[in-house]
There are 2 protein chains.
Amino acid sequence: MNSKFKNIHQVISSYIEISDAEWSYYSSMLQLKVIKKKRIVLSEGNICREVFFINKGLLRIFFVDNNGEEKTFHFALENTFATDYKSFLKEVPSNYSIQAMEDTEVAVMSLEMVQIGYDKLKYGEKLGRLLAEDYFFMFNDKIQAMYTQTPLERYKNLTTSFPEIFQRVPQHLIASYLNISSVHLSRLKNSD
Amino acid sequence: MNSKFKNIHQVISSYIEISDAEWSYYSSMLQLKVIKKKRIVLSEGNICREVFFINKGLLRIFFVDNNGEEKTFHFALENTFATDYKSFLKEVPSNYSIQAMEDTEVAVMSLEMVQIGYDKLKYGEKLGRLLAEDYFFMFNDKIQAMYTQTPLERYKNLTTSFPEIFQRVPQHLIASYLNISSVHLSRLKNSD
DNA sequence: TTTTAGCGATAACAAATGTTATCACTTTAG
DNA sequence: CTAAAGTGATAACATTTGTTATCGCTAAAA
């Protein structure tokens, strides 16, 4: 069993039962890649052909608004998946770009591999369902936070739920993630 | 075949293959209900025990922010599902309330019924996956709209994508759905 | 090493949005 | 039918947030 895929094995095992035989069959389709810092692995307008599982490092998912400004949609951390799920599954052009914020080691899955998972793994469809549900819940919480919290509250929550982020990405990207200007974030930080 | 469940049958059939035998078995677990206008069918803090499929009418999903003000999260229309999916699946207290905006006819599914679907229907897990994916995509679009569009743009999009809404729900609820004050929405409307 | 580009704080000002109050009009409840 | 509650427009004002510009500092590139 390739130790490089230990993390993704653990995560998948937390969702479904998967036998060693199944895993050795399935994980043989995984590809390990290292993405250099600042490298863009998906550009807006292209079809997203890969799901990245992050072993180490940090990916940033962003899109460009009507004024041509980048908005950071999500920071994808270790042991989570990163992709444009819609573009990937439906094979339509993506609205998103994905960029490495650090040298990042990922396990890569293709669409073919995911579909083989649905068809051939005993609990493949269930895995797909549970993952979609979990990411759905995550988005749900994000929307609720956008509705109910002020930028200052969102900032404070971030400092408690993920303090390392401030060491790992520049502040103006955090501002864009919070959907406020960098000047405003600086003000909020230094005013209480 | 009960004609009251024709709509939900069509929607499910658009996701998966389901035989007549399977459907007559499965649909026998459905319950038809009529919800009177203004009636609240889920209150914040309670566990959501039902998924509603809307035959006719309109449900409003909302939560209460830190200042005690209602925020309208979603308007659920004919031929769509409405629930707090997280509360329902995980059996945890809900952050949401659900209220009928009109006399509303729904087909009701229990958690037990949904789980039987996963286990017993040939493509039950696949149905669950595809539904979770679709609602995930919907939330994804909603987040992107919140990041990239001004309130005026969101308002205009609503007028084109769902014009009837303005006849069916009061404007101040639309304002809360757009996440702006009712005064501000009134201004936007009457200023260009 | 020496530039150059990126980053974050700050000030001054502008624009967007919220708050409160009032009013006319409708719908609903008794 | 009548009173009460709900609804939407509007004005005046307050607050939040964005924009532009500047500056010093640091990190990256030549």
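Numbers restart at 1 for each chain; the letters A, B, ... are given by sequence-line order, proteins then strands.
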Undergrad: Do NZ/NE/NH1/NH2 and the carboxylate oxygens of A:Lys33 and A:Glu50 come within less than 4.0 Å?
TA: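 Looking at A:Lys33 and A:Glu50, the cut-off is met.
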Undergrad: For A:Lys189 and C:dA9, is the shortest distance between a side-chain N/O and OP1 or OP2 below 4.0 Å?
TA: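 Yes, such a contact exists.
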Undergrad: Within 45° of the six-membered ring axis of A:Tyr96 and under 6.0 Å from that ring's centre, is NZ or CZ of A:Lys86 located there?
TA: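 Output no; distance or angle outside limits.
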Undergrad: Atom CG of A:Asn190 to atom C1' of C:dC7: distance rounded to whole Å?
TA: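 About 14 Å, once rounded to whole Å.
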Undergrad: Do we get B:Arg49 above B:Phe88's six-membered ring, with its NZ or CZ under 6.0 Å from the centre and within 45° of the axis?
TA: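 Checked: cation-pi criterion not met.
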Undergrad: Ignoring hydrogens and angles, does a donor from either the side chain of B:Arg187 or the base of C:dG18 sit under 3.5 Å from an acceptor on the other?
TA: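 Under the 3.5 Å cut-off, the side chain and the base do form a donor-acceptor pair.
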Undergrad: Check the distance between C:dA16's C1' and B:Glu153's CD and give it to me in whole angstrom.
TA: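 Result: 13 Å.
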Undergrad: Walk along DNA chain D from 5' to 3' and tell me the first and last nucleotide with an atom closer than 4.0 Å to a non-hydrogen atom of chain B.
TA: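 So the outermost contacting nucleotides come out as D:dT7 to D:dA12.
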Undergrad: Within 45° of the ring axis of B:Tyr147 and under 6.0 Å from its six-membered ring centre, is that where the NZ or CZ of B:Lys142 lies?
TA: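 No; the conditions do not both hold, so B:Lys142 does not lie above the ring face of B:Tyr147.
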Undergrad: Between B:Ser176 and B:Thr72, is there a side-chain donor-acceptor contact under 3.5 Å, judged purely by atom types and distance?
TA: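 B:Thr72 vs B:Ser176: donor-acceptor pair found between side chains.
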Undergrad: Determine whether the aromatic ring centres of residues B:Phe136 and A:Phe139 are separated by less than 6.0 angstrom.
TA: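 For A:Phe139 and B:Phe136, the ring centres are under 6.0 Å apart.
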Undergrad: B:Thr148 and A:Asp65: side-chain donor and acceptor closer than 3.5 Å?
TA: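 Absent: no donor and acceptor within the cut-off.
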Undergrad: Give me the residues of residues 171-181 of chain A where at least one heavy atom lies under 4.0 Å from an atom of DNA chain D, by number, or none.
TA: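 Result for residues 171-181 of chain A: A:Asn179, A:Ile180, A:Ser181, sorted by number.
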Undergrad: Would you confirm whether B:Asn55, through its side chain, and B:Lys4, through its main-chain N or O, come within 3.5 Å as a donor-acceptor pair?
TA: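 Indeed, once roles are kept as given, a pair shorter than 3.5 Å links the two residues.
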